[in-house]
2 protein chains.
Amino acid sequence: MSRSTGRRLGRAGIRDVAAAAGVSITTVSDALNGKGRLPDATRSHVREVADRLGYRPSAAARTLRTGKSGLIGLTVTTYGDEPFTFTEFAYFAEMARAATSAALARGYALVILPATSRHDVWSNVALDGTVVIDPADGDSVVAELVRHGIPVVSDGRPGGALPVTGWVDNDHEAAVLGLLDHLADAGARRIGLLTGTTTDTYTRLSTTAYLRWCERVGQDPVYESYPAHDPCAGAVAADRLLARPDRPDAVYGLFDPNGTDLLAAARRYGLRVPEDLLLVCCSESTGYASTEPPITTLSLKPRRIGTAVVQILIDAIEGLGDGRPVEQVIPTDLIVRTSSQRRSPRTTISPPRGPAGN
Amino acid sequence: MSRSTGRRLGRAGIRDVAAAAGVSITTVSDALNGKGRLPDATRSHVREVADRLGYRPSAAARTLRTGKSGLIGLTVTTYGDEPFTFTEFAYFAEMARAATSAALARGYALVILPATSRHDVWSNVALDGTVVIDPADGDSVVAELVRHGIPVVSDGRPGGALPVTGWVDNDHEAAVLGLLDHLADAGARRIGLLTGTTTDTYTRLSTTAYLRWCERVGQDPVYESYPAHDPCAGAVAADRLLARPDRPDAVYGLFDPNGTDLLAAARRYGLRVPEDLLLVCCSESTGYASTEPPITTLSLKPRRIGTAVVQILIDAIEGLGDGRPVEQVIPTDLIVRTSSQRRSPRTTISPPRGPAGN
DNA sequence: CGACCTTGCAGAAACGTGCCTTCTCGCGAG
DNA sequence: CTCGCGAGAAGGCACGTTTCTGCAAGGTCG
């Protein structure tokens, strides 16, 4: 039986289009891709025939031939294995959303991949590049990708001198120092920290900045650590922090849920916010605008980061930049709300809260 | 020059492994894929050589040959075009997360795709199947996918008699009826609805269920609609609803942010929750446990839905089910909190709230 | 002892593109 | 009349797998 005539099953291929249009395969390819030298008449004719047959080029064949798949990997490595933290922290959701939009705008799609280096999944998808969120020190997934020559851009400075294509990050140190100054200005005498046990650069840099600030102003550090991926542990750690004999009169929580955790803990101990306890946490959740009281948050601008990461990565894939690693710092944004407002001097003796509307 | 010896650039191919191991290409392929009849000695030898060379099979070539890519598309079509609502509603984040986990567990990866049928992206990726969240009536993206023979499983019943591979949904009608009964039991006399202007089945079914309930109990419907993808419009609609002359004494909001929107609107009008206004909204956000007061929510169990959708889709891809469409209904969960608690009969005249702890 | 089966492996044909090379044809200049 | 030239289009290889088919050697059985 003839190959070219009888499509036994499946979609139409470029051969069928060529046959139907009465031209060669080369002509079809050139016509559809805008290459070669063809009169407009031929071009439009081929396009029309292709449309009529419902022709869609095979992505697999094109990828095999060109070496470009148009796919970008997206992975979160730090916080545990199986269940991604996409939903846990609004940061990841925002960042992923921005990254997805930016990628699509340039014709790429994002593939969500596991933190663990499961060969059966990672090697089954042809990636042009990968975005890694919060890589750990000397991250093995990153190392393997780099070894195979796949461009990697990370959200957060990669530790362990990994030769990535680039990274985007906030100036966490400056952010924490500024935030602690803000709390001190608001009257805090002893500022506590709720931090994580993980080794990602965000946690590390923020914590050391806190310690340095303490040293500078001569305050003893007061902090509790917990595994950030475990929401229950966060509540427990918040409780521990407020139960200490050297209880702080202001707390900064590094992770998104810390705000509500600390607020709940404060209620349990009968502490009023902000009268007895000033509160700030790092979060992108708009919910903190409507808690009781509203909580001051530090925004890391995940949308800008997600966009920047993808732009850098695609530039590298398409060979637009020079070969050198791109490093980009995004400013943070402290959104001041009631929970960290300066105690008004007149309210030395704080009465029970008045009824309803403030 | 000889092809087989000089790897000019790029990674090692199966040919190189064959040459280095002193066997044929066939043997390498069989050894690595556990096929053919080979003694264990040969198998392990080939594996070792492959490891030594850092061999990774080309996903593109394998896809081209086998016709399976191991990729599943994930798309949200309803709520506008560009910026996905992944983050806006906790529902999507949860559902996507569950779907991702389920897919990875079975060796598939998820590709995030735009709602619009941008050819340059959709046709550039070889999909084994697609998950569509909340397809609109006669959704064009779904129609095109089905036309090309790609399995499609949707979250939400597809309208317009689209011949999809299957769908998973809640019994929205039962959920709404039960919830309205709950509000009526708590003393509501006139229940209002905050709904959307979109044509997805969730909005449509929920709204008609509300209208039917009103008819049954003989209440005039009181509702406001707004485009669900616009958060500001939601706040405005909430305000409109409470500003009406026939102001309801209980409201159900169909969308995630409605809870806080309604709460804020209630404050503006000096309405106490739940004394003057009972509140329920459909949300997966845990934040509603710690608002003031905590708000009763209807959970659609997105995790179970995401998992089910992926299982059905992969079963269809791998030819495990019979050919018939699979339809699966997931029960909902009404999480009752203070905002819809029965008014205690004794508190006819409600005093200003007491200080602090309840 | 020959027919037949089993084991262990190799050859080579696809899969559907993209692109490099070549071929043909018409036309104007020498 | 011939030669060069450029536009237009076709031929065919390569991308890296999977897998169908086949082939030789050795063992078994009537």
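Just so it is clear, the model here is predicted, and its values are computed rather than measured. Quick note: numbers below take in every heavy atom, side chains included, and nothing from hydrogens, waters or symmetry partners.
Donor-acceptor pairing under 3.5 Å is lacking for the side chains of A/Tyr91 and A/Asp134. Under 3.5 Å, the side chains of B/Ser29 and B/Thr26 contain no donor-acceptor pair of N or O atoms.
Put simply, CD1 on B/Ile14 is 14 Å from P on D/dC15, counting in whole angstrom units. Computed from coordinates, the B/Arg37 CZ to C/dA10 C1' distance equals 12 Å when rounded to whole Å. Summarising the geometry, the separation between CG on B/Asp40 and P on C/dT7 is reported as 13 Å, rounded to the nearest angstrom. Residue B/Lys68 contributes atom NZ, which lies 24 Å from atom P of D/dG16 at whole-angstrom precision. The CG-P distance, from A/Leu64 to C/dA14, rounds to 17 Å in whole Å. Taking atom CZ on A/Arg43 and atom C1' on D/dA7, their separation rounds to 13 Å, with Å as the unit. Counting to the nearest Å, the P atom of C/dG16 and the CG atom of A/Asp30 are 20 Å from each other.
Contacts of B/Ile25 with the nucleic acid, taken as non-hydrogen atoms under 4.0 Å apart, include base atoms. At the heavy-atom level, A/Thr42 lies under 4.0 Å from the strands shown only through sugar-phosphate atoms. Within the 4.0 angstrom heavy-atom criterion, only backbone atoms of the sugar-phosphate kind lie near B/Thr27; the bases stay farther away. Within 4.0 Å (heavy atoms only), B/Arg56 reaches sugar-phosphate atoms of the nucleic acid but no base atom.
Proximity of A/Ser58 to the phosphate of C/dG16: no side-chain N or O atom is located under 4.0 Å from OP1 or OP2. Between A/Ser29 and C/dG18 there is a side-chain N or O to OP1 or OP2 distance below 4.0 Å. Under 4.0 angstrom from either OP1 or OP2 of C/dG18 there lies at least one side-chain N or O belonging to A/Arg62.
In this structure, the separation between CE on B/Met95 and OG1 on B/Thr100 is 9.0 Å, given to the nearest 0.5 Å.
Among D/dA10, D/dC15, D/dT19, the nucleotide with an atom closest to any side-chain atom of A/Val23 is D/dA10. In this structure, of C/dC19, D/dT17, C/dA10, it is C/dC19 that holds the atom nearest to the side chain of A/Lys35. Picking from D/dT17, C/dC19, C/dA12 the nucleotide with the shortest atom distance to the side chain of A/Arg65 gives C/dC19.
Comparing the axis of the opening five pairs of the helix from C/dC1-D/dG30 to C/dG30-D/dC1 with that of the closing five pairs yields an angle of 70°, rounded to 10°.
Residue B/Arg303 qualifies as open at atom CZ: its count of foreign heavy atoms under 6.0 Å is 12 or below.
A donor-acceptor contact under 3.5 Å is formed by the side chain of B/Thr26 with the base of D/dT19.
Two residues, B/Pro39 and B/Ala61, neighbour DNA chain C, and the one matched to the more 5' nucleotide by heavy-atom proximity is B/Pro39.
For B/Arg304 (side chain) and B/Ile330 (main-chain N/O), no donor-acceptor pair under 3.5 Å exists by modelled atom type.
Scored by the side chain to side chain donor-acceptor pair (under 3.5 Å) test, B/Ser69 finds B/Asp128 as partners (sequence neighbours excluded).
We find that B/Glu318 and B/Arg106 are joined by a salt bridge, their nearest charged nitrogen and carboxylate oxygen being less than 4.0 Å apart. Look at B/Arg56 and A/Glu144 and you find a salt bridge, because one of the NZ, NE, NH1 or NH2 atoms lies within 4.0 Å of a carboxylate O, short of that distance.
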